[in-house]
Amino acid sequence: DWCPHEHRRELRGLYVLASFANHFDIKDHNSMDVYVGKNGEGYLEHYLLDFGSTFGSAGHGPMRPIMGYANLMDVRDMAVSILTSGPKEWQWEDAPAPTNPSVGYYESDIFHPAKWDPVYPIPPFENMTDQDGYWGAKKLLAFRDEHLQALVKTGQYHDPAAEAYLLKTMIERRDKIGRHWFGKINPLDYPSLTLTPDSMILAFHDLAVEYGLTPGDVTYEYTLRGDGRELIAPIQINATRVPLGNDQLQALPALRSNSYELRIRTRRDNNDWSKPVVFWLYRDPAGKQFSIIGIEHPG
């Protein structure tokens with residue numbers, strides 16, 4: 001495999017999905033690589049195995065409250081307890097017993113999206129960055145309430161209360177995850193360019209607003225840079241559409257790389273400005289057409 005597994009975004013960002021499902025038993029033993037094709041001409045297929053310990057189940061019974069909140073032998077937690085001479089209390093220690101045997105132990109009250117722990121430390125999870133967390137959160141937040149409800153229905157619960165509790169908890173964990181990781185990385189994404197007779201419009205999606213995780217009262221500020229200098233001074237708008245008039249575009253200087261940085265930052269609820277998301281634009285050598293060639297989400 002050309003890329004070490006501990007550096008694959010799919011595996012580092014898998015932390016987010018595992019934390020959502022409380023996939024406590026995720027570890028290297030529960031994965032498998034299969035080589036497909038002729039020797040030297042094929043490719044690897046990656047598989048994840050054994051999902052018996054997910055949501056509230058430990059496979060042979062309900063999960064214990066510690067599962068998902070500490071490694072089997074958690075050196076870091078042990079160090080904290082030693083340094084505090086023992087009085088440190090962990091929230092899971094006083095967690096109530098499961099109320100529904102069909103669900104087991106699965107909760108959203110003490111769950112923290114960045115403090116979830118599997119049974120053993122896993123190198124990809126230890127290497128996870130905020131960008132990896134954002135990537136995983138995007139995947140998870142795409143599952144809306146109706147999708148989660150359809151998933152729960154496949155469990156064929158006989159007790160409507162168990163079904164309702166599981167769905168409610170899944171929604172709460174999902175939204176907690178979204179708020180946390182979208183708070184680390186400015187969640188502006190999925191840009192598109194539209195040309196009109198007198199302008200070029202770059203539209204983008206604000207995932208925090210679209211998924212109802214933050215009020216819709218957001219101010220966006222954009223600027224255009226290139227070759228290390230400011231080409232268009234900061235302009236504030238209240239919509240997810242950046243209009244660049246033909247007069248502005250024609251006044252842009254030619255750049256050595258033909259690459260321009262459209263930087264957009266946000267301010268929500270009159271709080272501080274976020275770090276900017278950078279939409280990279282390429283201008284063809286003739287100086288007429290622009291295209292989107294990349295997105296950068298600084299952490």
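Position 1 is the first residue of the sequence; numbering continues from there.
Expressed to the nearest 0.5 Å, how far CG of Leu48 lies from CG of Asn30 amounts to 9.0 Å. For the atom pair Ser192 OG and Phe204 CZ, the distance stands at 10.5 Å (nearest 0.5 Å). Going from atom NE2 of His23 over to atom CG of Leu17 covers 10.5 Å, rounded to the nearest 0.5 Å. Rounding to the nearest 0.5 angstrom, the gap separating the CD atom in Glu296 from the CD atom in Gln131 is 9.0 Å. Atom-to-atom distance recorded for Lys275:NZ and Arg265:CZ is 12.5 Å, nearest 0.5 angstrom. Of the inter-residue distances, the one linking Gln248 atom CD with Ile235 atom CD1 reads 5.5 Å to the nearest 0.5 angstrom.
Residues Met200 and Leu249 meet the side-chain proximity criterion, which asks for heavy atoms closer than 4.5 Å. When side chains are defined from C-beta on, Leu202 does not count as touching Arg241, because their heavy atoms never get closer than 4.5 Å. The side-chain heavy atoms of Tyr190 and Lys138, taken from C-beta on, include a pair separated by under 4.5 Å. Between Tyr157 and Leu166 there is a side-chain heavy-atom pair separated by less than 4.5 Å. A heavy-atom distance below 4.5 Å is not found between the side chains of Val278 and Leu262. In this structure, Ile293 and Leu281 have side chains that are not in contact, with every pair of non-hydrogen atoms separated by 4.5 Å or more. Side-chain contact between Leu231 and Pro253: present, with at least one pair of heavy atoms (C-beta onward) separated by less than 4.5 Å. At a threshold of 4.5 Å between non-hydrogen side-chain atoms, the residues Trp280 and Glu261 count as touching.
Checked by atom type, the side-chain pair His205/Asp189 shows no donor-acceptor distance below 3.5 Å. A side-chain donor-acceptor contact under 3.5 Å links Asp33 and His5. Side-chain contact of Ser108 with Thr169: a donor-acceptor pair under 3.5 Å is absent, judged by distance alone. Using a 3.5 Å distance cut-off with no hydrogens or angles, the side chains of Asn22 and Tyr105 do not pair a donor with an acceptor. Residues Glu221 and Trp273 have side chains that never bring a donor and an acceptor to within less than 3.5 angstrom of each other. For the residue pair Asn100 / Asp159, a side-chain donor-acceptor distance below 3.5 Å is found, with atom types taken as modelled.
Around atom NE2 of His112, more than 12 heavy atoms belonging to other residues, nucleotides or ligands sit under 6.0 Å away. In Lys184, the NZ atom is not crowded: 12 or fewer heavy atoms of neighbouring residues, nucleotides or ligands sit closer than 6.0 Å. More than 12 heavy atoms of other residues, nucleotides or ligands lie within 6.0 Å of CZ in Arg9, so this atom counts as buried by the packing criterion. Residue Asp272 qualifies as open at atom CG: its count of foreign heavy atoms under 6.0 Å is 12 or below. Around atom CD of Glu146, more than 12 heavy atoms belonging to other residues, nucleotides or ligands sit under 6.0 Å away.
One N or O on the side chain of Tyr165 and one on the backbone of Tyr106 form a donor-acceptor pair closer than 3.5 Å. Thr223 places no side-chain N or O within donor-acceptor distance of the main-chain N or O of Arg263, the cut-off being under 3.5 Å. At least one donor-acceptor pair closer than 3.5 Å links the side chain of Asp132 to the backbone N or O of Thr129. Panel note: side chain His147, backbone Arg144; a donor-acceptor pair is recorded below 3.5 Å. When atom types are taken as modelled, the side chain of Thr54 and the backbone of Phe51 share a donor-acceptor pair closer than 3.5 angstrom. In terms of modelled atom types and a separation under 3.5 Å, the side chain of Arg174 and the main chain of Phe143 share a donor-acceptor contact. No side-chain donor-acceptor contact under 3.5 Å links Tyr211 to the backbone of Thr214. A distance-only check finds a donor-acceptor pair linking the side chain of Thr154 to the backbone of Leu151 [under 3.5 Å]. With Glu107 contributing its side chain and Asp109 its backbone, the two residues share a donor-acceptor pair below 3.5 Å.
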Inset, instruction - Take His7 and Asn127 through the side-chain contact (heavy atoms from CB on, under 4.5 Å) test and state the conclusion after the steps. - result: CA-CA 7 Å; His7 297 305; Asn127 293 334; 3.9 Å; yes

Legend entry - Residue pair Leu141, Leu207: steps toward the side-chain contact (heavy atoms from CB on, under 4.5 Å) verdict: CA-CA 9 Å; Leu141 268 291; Leu207 301 184; over 6 Å; no

Inset, instruction - Please report the C-alpha distance between Lys168 and Glu172 in whole Å, then the side-chain angles of each, then the deciding distance to 0.1 Å, and finally whether the salt bridge (Lys or Arg N to Asp or Glu O under 4.0 Å) criterion is met. - result: CA-CA 6 Å; Lys168 172 178 176 292; Glu172 290 172 350; 2.9 Å; yes

Legend entry - CA sep, side-chain torsions, deciding dist, call: Asp117, Lys115, salt bridge (Lys or Arg N to Asp or Glu O under 4.0 Å): CA-CA 6 Å; Asp117 278 316; Lys115 295 182 179 179; over 6 Å; no

Inset, instruction - Apply the test side-chain contact (heavy atoms from CB on, under 4.5 Å) to residues Ser57 and Met63: give CA-CA distance (whole Å), side-chain angles for both, the deciding distance (0.1 Å), then the verdict. - result: CA-CA 5 Å; Ser57 172; Met63 282 195 180; 5.8 Å; no

Inset, instruction - Would you sort out whether Gln236 and Tyr222 count as a side-chain contact (heavy atoms from CB on, under 4.5 Å), showing the intermediate values? - result: CA-CA 7 Å; Gln236 293 184 10; Tyr222 71 90; over 6 Å; no

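A continuous path of Ile, Leu, Val, Met, Phe, Trp and Tyr side chains, each step under 4.5 Å between heavy atoms, connects Ile66 with Tyr120, placing both in one hydrophobic cluster. Under the 4.5 Å side-chain heavy-atom criterion for ILVMFWY residues, a single connected hydrophobic cluster contains both Ile237 and Leu224. Grouping the Ile, Leu, Val, Met, Phe, Trp and Tyr side chains by contacts below 4.5 angstrom, directly or via other members, places Ile201 apart from Tyr282. Both Phe24 and Phe125 sit in one connected hydrophobic cluster of ILVMFWY residues. Membership requires side-chain heavy atoms under 4.5 Å apart, directly or through other members. Note on Phe279: it does not cluster hydrophobically with Trp135, by side-chain heavy-atom contacts below 4.5 Å among ILVMFWY residues.
Nearest heavy atom pair, residue Asn186 against residue His297, reads O-CD2, 3.2 Å. Pairing each heavy atom of Met170 with each of Phe20, the nearest pair is O-CE1, 3.2 Å. The nearest pair of heavy atoms linking Pro276 to Pro298 is O-CD, 3.1 Å. The two residues Pro113 and Ser19 come nearest to each other via the heavy atoms O-OG, 4.4 Å. Smallest separation of non-hydrogen atoms from Ile264 and Leu188: CG2-CD1, 3.7 Å. Summarising the geometry of Glu230 relative to Pro234, their closest heavy-atom pair is OE2-CD, 3.6 Å, with the distance given to 0.1 Å.
Under the 6.0 Å distance and 45° angle rule, Arg173 counts as a cation-pi partner of Phe111.
Grouping Ile, Leu, Val, Met, Phe, Trp and Tyr residues whose side-chain heavy atoms lie under 4.5 Å apart, directly or via other members, places Leu49 in a hydrophobic cluster with Met32, Val34, Val36, Tyr43, Tyr47.
Centroid-to-centroid, the aromatic rings of Tyr15 and Trp116 come within less than 6.0 Å. Note: Phe182 and Tyr134 meet the aromatic proximity criterion, with ring centroids under 6.0 Å apart. Centroid-to-centroid, the aromatic rings of Tyr260 and Phe290 come within less than 6.0 Å.
Here the rule is side chain to side chain contact (heavy atoms under 4.5 Å, CB included) with Ile122, and of Leu11, Ile26, Asp28, Leu14 only Ile26 fits it.
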